[in-house]
Amino acid sequence: MTELAAVKTALKTQAVETPSWAYGNSGTRFKVFAQPGVPRNPREKLDDAAQVHAFTGAAPTVALHIPWDKVDDYGALAKYAQERGLKLGAINSNTFQDDDYRLGSICHPDAAVRRKAVDHLLECVDIMDATGSKDLKLWFADGTNYPGQDDIRERQDRLAEGLAQVYERLGDDQRMLLEYKFFEPAFYMTDVPDWGTAYAHCLKLGPKAQVVVDTGHHAPGTNIEFIVATLLREGKLGAFDFNSRFYADDDLMVGAADPFQLFRIMYEVIRGGGFTPDVAFMLDQCHNIEAKIPAIIRSVMNVQEATAKALLVDGAALADAQRAGDVLAANAVIMDAYNTDVRPLLGEVREELGLDADPVSAYRRSGWGEKIAAERVGGQQAGWGA
């Protein structure tokens, strides 16, 4: 097999999980912007997700967020997804939109509130059993705003205790994915602020606990690819939440702010053996002012383009330059791959899969956007509940 054929083969295996909430209304802290045709329930979200997969061939799973995607029968929802060529992916918990969680959830000083939070997480595992999902994704808004507000060490103890209870509930083929975020909504101290804290808790819990890297959850200038390389080396990278940020957790389309960073991350994924189903490539984005479905299609394509460039890095030439201490030659190998226009290559991959070479244009020609705008009139549009 030629090198180019091997790259094509690898690209055909890539899967990017889309988030149900990205199909609903979202906005800023000041305003949530409604759009015509936005889904009104989880099934309509899956209808839209099926369009993304149909035109990209690379988005076969959809993450759910509870209670935003709460239904009476999760088995029936999983069947509905299957009928549309999809599977239900990670189950995302929500311990940040209840008045009881003002001072935290799983780290709250009140044991009754902690119990409520843990019960919700256990409910999410029950939902995983019903949907066939293997991943429970946890992000905690817990933290403090002022020095002295609560005991930092005790909050870590509470976190460890709650996580252990949920970990014990997981099935043999299920995982806990722990996400981190360096600030917001807490401003003085966040209980899971960085990859080291998440890693420490996951290491103590055991092999079914893995770290999630959200590309928008770092301080400016953070070398995210170093974090990725380290977690892969330790066997603790479970998933990505792909998005972009300019200033804070902006949740913009992946690759929009710094496509070179996305390429560098994907190179470390491939270099470290992370281009496998064991590392979930998920989007976590909010499409506030742009049309949602084409934006998600574009996001999937951005991940594919960064991956294609990373696969084109000449590993042998790079290793030779590194061993020789030739700084410029080593950097040139990386830059040559990054500067390659991979769009024609990906167009060929799609056509070989029986798809249109240009998914965004194909979607626009399909008329789906006009169809849902005309049909989804009345009812309550889905959103993220803010």
Check your understanding: Is Leu311 close to Ile270 at the side-chain level, that is, under 4.5 Å between some pair of heavy atoms?
Key -> yes
**Study point:** Salt-bridge criterion met for Glu161 and Arg114 (N-O under 4.0 Å)
**Key:** no
Practice item. Kindly say whether Asp336 contributes a backbone atom to a donor-acceptor pair with the side chain of Thr340 at under 3.5 angstrom? Key: yes
Check your understanding: Is Arg343 salt-bridged to Asp341, going by a charged N under 4.0 Å from an acidic O?
Key -> yes
Check your understanding: When you measure from the side chain of Tyr167 to the backbone N and O of Lys208, does any donor-acceptor pair fall under 3.5 Å?
Key -> yes
Exercise for review: Any pair with a residue in residues 305-330 that passes side chain to side chain donor-acceptor pair (under 3.5 Å), sequence neighbours left out, goes on the list, sorted by first then second residue, please.
Suggested key: Gln14-Thr307, Arg298-Glu305, Asp320-Arg323
Practice item. Look at atom CD of Gln380 and say whether more than 12 heavy atoms of other residues, nucleotides or ligands are closer to it than 6.0 Å. Key: no
Practice item. Step through the shown structure and confirm whether more than 12 heavy atoms of other residues, nucleotides or ligands are within 6.0 Å of CZ on Phe226. Key: no
Check your understanding: Ignoring hydrogens and geometry, is there a side-chain-to-backbone donor-acceptor pair from Asp100 to Val113 under 3.5 Å?
Key -> no
Check your understanding: Near Lys204 NZ, under 6.0 Å, is it more than 12 heavy atoms from other residues, nucleotides or ligands?
Key -> no
**Study point:** Donor-acceptor contact present, side-chain Asn243 to main-chain Gly216, <3.5 Å
**Key:** yes
Exercise for review: Could you tell me whether Gln82 atom CD has more than 12 heavy atoms of other residues or ligands within 6.0 Å of it?
Suggested key: no
Practice item. Output yes when Lys134 and Asp173 qualify as a salt bridge under the 4.0 Å nitrogen-oxygen rule, no when they do not. Key: no
Practice item. Output, in order, the C-alpha distance, side-chain angles, deciding distance and verdict of side-chain hydrogen bond (donor to acceptor under 3.5 Å, both in side chains) for Thr197 and Asp194. Key: CA-CA 6 Å; Thr197 305; Asp194 52 39; 2.7 Å; yes
Exercise for review: Would you mind checking if Asp241 and Lys137 are paired as a salt bridge, meaning a charged N to carboxylate O distance below 4.0 Å?
Suggested key: yes
Practice item. Step by step, work out the side-chain hydrogen bond (donor to acceptor under 3.5 Å, both in side chains) result for Tyr180 and His218. Key: CA-CA 9 Å; Tyr180 59 89; His218 303 83; 2.7 Å; yes
Point to revise | SB check Asp48 Lys292 (cutoff 4.0 Å) | key: no
Exercise for review: Using atom types as modelled and distance alone, determine if a side-chain donor or acceptor of Ser244 lies under 3.5 Å from a backbone N or O of Ala256.
Suggested key: yes
Exercise for review: Ignoring hydrogens and angles, tell me if any N or O in the side chain of Gln210 forms a donor-acceptor pair with the backbone of Gly235 under 3.5 Å.
Suggested key: yes
Review point. Is there a donor-acceptor pair closer than 3.5 Å between any side-chain N or O of Gln156 and the backbone N or O of Asp191?
Key: yes
Check your understanding: Should Asp214 and Lys181 count as an ion pair when the cut-off is N to O under 4.0 Å?
Key -> no
Review point. Taking the side chain from Asp356 and the backbone from Pro359, do they hold a donor-acceptor pair closer than 3.5 Å?
Key: no
Point to revise | Step-by-step side chain to side chain contact (heavy atoms under 4.5 Å, CB included) determination, Val166 to Leu136 | key: CA-CA 10 Å; Val166 180; Leu136 171 67; 3.6 Å; yes
Review point. Quick one: do Met176 and Leu159 end up in the same hydrophobic cluster if we chain Ile, Leu, Val, Met, Phe, Trp and Tyr together by side-chain heavy atoms under 4.5 Å apart?
Key: yes
Review point. With no hydrogens and no angle check, is any side-chain donor or acceptor of Asp142 less than 3.5 Å from a backbone partner on Ser105?
Key: yes
Check your understanding: Does Thr56 reach the main-chain N or O of Ile297 with its side chain, forming a donor-acceptor pair under 3.5 Å?
Key -> no
Review point. Do the charged groups of Arg115 and Asp119 touch, with an N to O distance under 4.0 Å?
Key: yes
Point to revise | Contact list for residues 254-278, test side chain to side chain donor-acceptor pair (under 3.5 Å), sequence neighbours left out | key: Glu225-Arg264
Exercise for review: Indicate yes or no: does Asp358 engage Arg350 in a salt bridge with an N to O separation below 4.0 Å.
Suggested key: no
Review point. In terms of ring plane angle, is the pair Phe183 and Phe187 parallel, tilted or perpendicular, where the classes change at 30° and 60°?
Key: tilted
Review point. What is the ring orientation for Phe96 with Trp68, classed by angle as parallel under 30°, tilted 30 to 60°, or perpendicular over 60°?
Key: perpendicular
Practice item. Please lay out, stage by stage, how Ser366 and Gln51 fare under the test side-chain hydrogen bond (donor to acceptor under 3.5 Å, both in side chains). Key: CA-CA 10 Å; Ser366 74; Gln51 296 296 308; 4.6 Å; no
Study note, to complete from the structure: Going by chain and number, the hydrophobic cluster around Val212 (ILVMFWY, side chain to side chain under 4.5 Å) further includes Leu177, Met282
Review point. Yes or no on side-chain hydrogen bond (donor to acceptor under 3.5 Å, both in side chains) for Asp150 and Thr144, after CA distance, side-chain angles and deciding distance?
Key: CA-CA 7 Å; Asp150 200 358; Thr144 61; over 6 Å; no
